[in-house]
Amino acid sequence: MGAGALLALGASPVRVEVLEDARAQVVRTGSGQACTVERWRLPPGVREGDVVVDGRLDPERTEALRREVARKRAALAVPLPPGLEL
């Protein structure tokens, strides 16, 4: 495993982007830099979208990120004209 993967889980908060059988892609929340780590390096029960800090799941940051994403999606939504349903 490369040094970037080792730094990703200890140096700064990371968001779990993709979980596979043996590996996971994580993204540093500060820089947006992505790297691949062995899945066993993540805490048990971690899911895509979770935030991991110092090797532990951070539920508060995970929830804050989910709220931020929901707020941004709502801001980008286009309202339907009256009477139009999809």
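All residue numbers in this chain count up from 1 along the given sequence.
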Heavy-atom pair of closest approach, residues Ala24 and Leu42: CB-CD1, 3.5 Å

Using residues 14-23 as the side-chain source, report each donor-acceptor pair under 3.5 Å to any protein atom, sequence neighbours left out, with the distance given to one decimal.
from: Arg15; atom 1: NE; to: Glu17; atom 2: OE2; distance (Å): 2.4
from: Arg15; atom 1: NH2; to: Glu17; atom 2: OE2; distance (Å): 2.7
from: Arg23; atom 1: NE; to: Glu38; atom 2: OE2; distance (Å): 3.2

Please tabulate, one pair per line, all N/O donor-acceptor pairs under 3.5 Å involving side-chain atoms of residues 65-77, not counting sequence neighbours.
from: Arg66; atom 1: NH2; to: Asp50; atom 2: OD1; distance (Å): 3.0
from: Glu68; atom 1: OE2; to: Lys72; atom 2: NZ; distance (Å): 3.2

For Val53 against Pro13, the heavy-atom pair lying closest together: CG2-CB, 3.8 Å

Closest contact, heavy atoms only, Pro43 versus Gly55: CG-O, 3.7 Å

Qualifying residues under side-chain hydrogen bond (donor to acceptor under 3.5 Å, both in side chains), relative to Arg61, sequence neighbours excluded: Asp58

Residue pair Val52 / Val26, side-chain heavy-atom distance below 4.5 Å: no

